[in-house]
Student: 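Shown below is the structure under consideration.
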Amino acid sequence: MTQDNTAHHIISYGKLVTVWLALLALTGLTVWVAHHNVGIGHVWGSLAIACLKSGLVVAFFMHMKYEGRLLRWLLFIALVTLAIFIGFTFFDVLYR
């Protein structure tokens with residue numbers, strides 16, 4: 001007889017709707033930041049909002065909030081590596 005050790009996390013509809021509303025609000029904030037040109041700040045603002053939105057999606061809709069510490073650290077290391085590579089790409093474009 002096999003034993004199933006995987007725990008299933010059921011997220012309530014209330015929490016999912018709350019996260020969805022937060023994503024909509026952040027999308028509206030992204031549009032607002034894009035329409036109000038504040039120099040280079042709108043790029044950094046838009047990137048910060050996009051990071052926050054992706055964090056919400058990964059945490060709640062991809063169930064990363066309920067995973068173990070090792071898997072969260074592996075995801076963090078992968079994202080930091082990706083950010084470093086994107087940063088190097090921006091340095092190349094910025095100083096041409």
Side-chain angles (χ1 to χ4, degrees):
M1 178 175 242
T2 61
Q3 185 175 13
D4 188 18
N5 290 331
T6 60
H8 297 281
H9 299 281
I10 298 173
I11 302 174
S12 67
Y13 285 119
K15 187 176 282 186
L16 290 176
V17 168
T18 303
V19 171
W20 177 66
L21 289 175
L23 289 173
L24 284 177
L26 288 172
T27 301
L29 186 62
T30 303
V31 171
W32 184 83
V33 168
H35 281 286
H36 293 83
N37 192 1
V38 289
I40 193 73
H42 78 281
V43 172
W44 291 108
S46 297
L47 285 173
I49 294 168
C51 288
L52 186 60
K53 286 169 59 178
S54 65
L56 284 174
V57 169
V58 168
F60 290 101
F61 293 119
M62 297 176 74
H63 300 265
M64 190 55 69
K65 182 179 177 184
Y66 308 105
E67 292 296 332
R69 183 175 285 182
L70 176 65
L71 195 57
R72 283 191 267 170
W73 272 105
L74 289 175
L75 177 67
F76 179 73
I77 290 170
L79 290 176
V80 166
T81 304
L82 179 67
I84 289 170
F85 284 129
I86 290 174
F88 283 147
T89 304
F90 276 128
F91 280 133
D92 183 41
V93 172
L94 188 63
Y95 293 111
R96 278 188 187 180

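Quick caveat, the model's predicted, so the values are computed rather than measured.
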Student: Side-chain heavy atoms under 4.5 angstrom apart, residues restricted to Ile, Leu, Val, Met, Phe, Trp, Tyr: same cluster for Val57 and Val19?
Tutor: yes

Student: Could you state whether Leu24 and Val17 fall into the same hydrophobic cluster, counting links through intermediate Ile, Leu, Val, Met, Phe, Trp or Tyr residues with side-chain heavy atoms under 4.5 angstrom apart?
Tutor: yes

Student: Count the heavy atoms of every other residue, nucleotide or ligand shown that sit under 6.0 Å from CE of Met64, and state whether that count exceeds 12.
Tutor: yes

Student: Cluster question for you: counting only ILVMFWY and a side-chain heavy-atom cut-off of under 4.5 Å, with indirect links fine, are Leu71 and Leu75 together?
Tutor: yes

Student: Quick one: pull up OH in Tyr66 and CZ in Phe60 and give me the separation to the nearest 0.5 Å.
Tutor: 6.0 Å

Student: Contact between Leu16 and Phe61 at the side-chain level, heavy atoms closer than 4.5 Å - yes or no?
Tutor: yes

Student: Let me see the working for Leu56 and Leu26 under side-chain contact (heavy atoms from CB on, under 4.5 Å), right down to the final yes or no.
Tutor: CA-CA 11 Å; Leu56 284 174; Leu26 288 172; 4.0 Å; yes

Student: When rounded to the nearest 0.5 angstrom, what distance separates OH in Tyr13 from OG1 in Thr18?
Tutor: 14.0 Å

Student: In terms of hydrophobic clustering (I, L, V, M, F, W, Y; side-chain heavy atoms under 4.5 Å; direct or indirect links), are Trp32 and Leu52 co-clustered?
Tutor: yes

Student: Parallel, tilted or perpendicular: which fits the ring planes of Phe91 and Phe88, with parallel below 30° and perpendicular above 60°?
Tutor: tilted

Student: Quick check for you: to the nearest 0.5 Å, what is the distance between Leu47 atom CG and Thr30 atom OG1?
Tutor: 10.0 Å

Student: How many angstroms lie between atom CG of Leu29 and atom OG of Ser46, to the nearest 0.5 angstrom?
Tutor: 8.5 Å

Student: What I'd like to find out is whether the side chain of Leu79 reaches to under 4.5 Å of the side chain of Val58, using heavy atoms alone.
Tutor: no

Student: Give the minimum heavy-atom separation between Leu23 and Lys53, together with the two atoms involved.
Tutor: CD2-O, 3.7 Å

